[in-house]
Amino acid sequence: MQTLTIKLVFLIGGILLLVSCSKDDDSQAIPMEFTELQYQKDYELLPGDTLNISPSLSNVAEDVNYLWTLNGIDIGSTQNLSYTAQEPGTFSLEFKAMAYNHSLIRTYRVSVIDPYDLYSRPKTQSSSEFISEIIEYKPAPGQYINKNFGSTEAAESIIGGKTNILSLGAWGGYVEFSFDHTIENREEDKDFVIYGNAMNGHSEPGIVQVSFDENGNGLPDDTWYELAGSAHQEEETLLDYEVTYNNPGTHANVPWTDNRETQDSILVNSFNTQNYYPLFIQEEKAVSFNGTRVYPVINQEGFVSVDALEWGYVDNFDENYDTYGGNAMEIDWAVDDQMNAVKLRGIDFVRVYTGALGNAGWLGEISTEIKGASDLSMVE
Ligand SMILES: [Ca+2]
Ligand SMILES: [Ca+2]
Ligand SMILES: [Ca+2]
Ligand SMILES: [Ca+2]
């Protein structure tokens with residue numbers, strides 16, 4: 001009898017020991033917790049900024065799963081979040097750690113600020129409608145380059161008005177400028193005008209690119225967008241075009257090669273006897289440009305003339321040229337490098353480059369001229 005009792009006690013004790021052992025091994029018995037009870041709930045960032053959050057947990061269950069959601073959309077499944085902000089807006093961010101029988105949740109508020117709200121420069125009473133600064137002038141070779149309309153002085157002369165002339169030389173040559181305020185993209189209205197010296201039968205289409213100072217450093221080191229005019233949709237238009245011009249070292253035709261295995265020359269004439277290659281740029285021997293090449297119709301018979309493109313170009317005698325004394329531009333024409341439309345609220349920097357390549361008899365090379373630019377909201 002006594003032996004039996006002792007045996008039973010051992011047996012029951014053994015069972016209890018087994019149960020308690022298995023209990024001790026199960027970590028789910030102690031719930032997961034956030035290590036820090038205080039945490040940063042609000043985050044402010046700019047598009048492109050990366051948000052890193054690492055909630056620290058204790059008693060982490062072996063079968064834990066993590067989930068991060070932004071306005072209900074899954075954006076991560078690890079304990080640490082590394083998320084790069086895209087669109088401006090205010091978002092609700094949620095972190096979940098889920099185990100078999102319990103879970104932890106933490107929420108945050110993420111504000112992605114529109115750089116336009118931070119860095120745009122609204123016009124004031126003292127703002128000028130005209131160009132306030134020439135950022136860079138790099139013309140391609142042309143008959144006016146290194147003289148009257150093709151010098152750094154000529155570039156400076158288009159600041160603050162619309163009476164002086166600047167030539168950009170042959171295809172690709174450009175000027176970059178800015179205003180003393182951000183040019184706003186007006187709803188349903190064109191936004192700025194660029195003055196040229198076009199006439200009926202004498203169009204030399206220049207292409208416009210724009211950029212907003214999205215990092216707020218005052219420098220044109222942000223994304224550029226091309227304003228796609230009517231000819232950008234034409235089949236013959238070349239979107240990834242590149243030309244290299246070689247300095248002939250004297251008054252002589254300027255040889256060029258493009259990225260389509262074409263070789264040709266900018267032809268000199270007897271009216272302009274200087275070297276046509278820009279002698280004031282950094283590239284002394286050869287200079288390359290890239291961009292879009294458009295093809296206006298050149299009528300070579302008799303009195304050579306160049307037809308206007310339909311719309312969207314500078315120094316181009318389109319049907320609205322006389323209304324503005326130039327070409328009015330719409331910021332909504334902006335496209336990215338895949339030709340997708342881009343919505344810009346305003347722009348700080350403008351680049352104009354000669355968009356056509358050709359010799360037009362007595363007119364010389366096709367070379368865009370610009371006489372200045374205005375914020376259209378201050379003109380009308
Ligand atoms: Ca507009
Ligand atoms: Ca910038
Ligand atoms: Ca010209
Ligand atoms: Ca012209």
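By convention here, the first residue in the shown sequence is residue 1.
- Both the sub-6.0 Å distance and the 45° axial angle are not jointly satisfied by R293 relative to the ring of W171.
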Task: Evaluation steps, side-chain contact (heavy atoms from CB on, under 4.5 Å), between Y277 and I145 - done: CA-CA 7 Å; Y277 184 95; I145 305 307; over 6 Å; no

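- Of the N and O atoms on the side chains of S120 and T182, not one donor lies less than 3.5 Å from an acceptor on the other residue.
- Looking only at side-chain heavy atoms (C-beta outward), S265 and V254 stay at 4.5 Å or farther from each other.
- Atom CD of E284 is surrounded by 12 or fewer heavy atoms from other residues, nucleotides or ligands within 6.0 Å.
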TODO: Carefully, step by step, assess Y119 and F212 under the rule ring-ring contact (aromatic ring centres under 6.0 Å, His included).
DONE: CA-CA 9 Å; Y119 299 131; F212 173 68; 7.5 Å; no

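- Residue pairs meeting the salt bridge (Lys or Arg N to Asp or Glu O under 4.0 Å) criterion with at least one partner in residues 312-328, sequence neighbours excluded, do not occur; the list is empty.
- Interatomic distance, CD1 of I266 versus CG of N246, reported as 11.5 Å (0.5 Å rounding).
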Open item on the list: Evaluate I194 against V350 for side-chain contact (heavy atoms from CB on, under 4.5 Å), listing each step before the verdict.
Closed with: CA-CA 10 Å; I194 298 181; V350 179; 4.3 Å; yes

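- Crowding of K343 atom NZ: a count of heavy atoms from other residues, nucleotides or ligands under 6.0 Å exceeding 12.
- Under the 4.5 Å side-chain criterion, counting only non-hydrogen atoms from C-beta, H232 is not in contact with W333.
- In this structure, the side chains of L104 and F95 stay at 4.5 Å or more apart for every pair of heavy atoms.
- The distance from the CG atom of L81 to the OG1 atom of T50 is 10.0 Å, given to the nearest 0.5 Å.
- Applying the side-chain contact (heavy atoms from CB on, under 4.5 Å) test between I370 and each of I158, N164, N327 identifies I158 as the sole match.
- Under the 4.5 Å side-chain criterion, counting only non-hydrogen atoms from C-beta, N269 is in contact with Y276.
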TODO: Carefully, step by step, assess Y245 and E283 under the rule side-chain hydrogen bond (donor to acceptor under 3.5 Å, both in side chains).
DONE: CA-CA 10 Å; Y245 300 95; E283 298 87 337; over 6 Å; no

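- Under the 3.5 Å distance criterion, with hydrogens and angles disregarded, a donor-acceptor pair is assigned to the side chains of S305 and N299.
- Cluster annotation: V335 and L239 are assigned to the same hydrophobic cluster (Ile/Leu/Val/Met/Phe/Trp/Tyr, side-chain heavy-atom contacts under 4.5 Å, transitive).
- The CG atom of N259 sits 8.5 Å away from the CG atom of N290 when rounded to the nearest 0.5 Å.
- Between the side chain of Q79 and the backbone N or O of P55, at least one donor-acceptor pair lies under 3.5 Å.
- Atom CG of residue D180 and atom OG of residue S128 lie 5.5 Å apart, to the nearest 0.5 angstrom.
- Distance CD/E369 to NE2/H202: 6.5 Å, rounded to 0.5 Å.
- For Q300, the CD atom counts as densely surrounded, since its 6.0 Å shell holds more than 12 non-hydrogen atoms of other residues, nucleotides or ligands.
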Task: Audit row: S374, K162, side-chain hydrogen bond (donor to acceptor under 3.5 Å, both in side chains) steps and yes/no - done: CA-CA 9 Å; S374 284; K162 55 176 179 178; 5.9 Å; no

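- Residues D240 and L238 have side chains not in contact (no heavy-atom distance under 4.5 Å, counting atoms from C-beta outward).
- In this structure, the side chains of F179 and M378 stay at 4.5 Å or more apart for every pair of heavy atoms.
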TODO: Kindly indicate, with the supporting measurements, whether the criterion side-chain contact (heavy atoms from CB on, under 4.5 Å) is fulfilled by E156 and Y137.
DONE: CA-CA 9 Å; E156 295 293 320; Y137 171 54; over 6 Å; no

- [ ] Could you walk me through whether E184 and S377 pass the side-chain hydrogen bond (donor to acceptor under 3.5 Å, both in side chains) test, one step at a time?
- [x] CA-CA 8 Å; E184 193 189 336; S377 75; over 6 Å; no

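- Between the side chain of W68 and the main chain of T78, a donor-acceptor pair closer than 3.5 Å is present.
- In this model, no donor atom of one side chain and acceptor atom of the other lie less than 3.5 Å apart for N52 and N80.
- Taking a 6.0 Å sphere around CD of E44, one finds it holds 12 or fewer heavy atoms contributed by other residues, nucleotides or ligands.
- Contact check on K190 versus E330 returns no salt bridge, with no Lys/Arg side-chain nitrogen under 4.0 Å from an Asp/Glu carboxylate oxygen.
- One N or O on the side chain of N146 and one on the backbone of N275 form a donor-acceptor pair closer than 3.5 Å.
- The CZ atom of F91 sits 6.0 Å away from atom CG of L70, with the distance rounded to the nearest 0.5 Å.
- Residues L376 and Y324 form a side-chain contact, since some pair of their non-hydrogen atoms from C-beta on lies under 4.5 Å apart.
- Applying the 6.0 Å contact sphere to CD of E36 captures no more than 12 heavy atoms from other residues, nucleotides or ligands.
- Residues S367 and L168 form no side-chain contact, since every pair of their non-hydrogen atoms from C-beta on lies 4.5 Å or further apart.
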Under 3.5 Å, sequence neighbours excluded: what are the donor-acceptor pairs made by side chains of residues 110-118?
from	atom 1	to	atom 2	distance (Å)
D114	OD1	Y116	N	2.9
D114	OD2	R345	NH1	2.7
Y116	OH	R345	O	3.4
D117	OD1	R345	NH1	3.3
D117	OD1	R345	NH2	3.2

- [ ] Please test I75 against L93 for side-chain contact (heavy atoms from CB on, under 4.5 Å), starting from the C-alpha separation and ending with a verdict.
- [x] CA-CA 9 Å; I75 57 164; L93 175 68; 3.8 Å; yes

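- Using bins of under 30°, 30° to 60° and over 60° for the plane-to-plane angle, the ring pair Y108/Y43 lands in the tilted bin.
- For the residue pair E242 and S288, no side-chain donor N or O sits within less than 3.5 Å of a side-chain acceptor on the partner.
- Atom CG of N200 is surrounded by 12 or fewer heavy atoms from other residues, nucleotides or ligands within 6.0 Å.
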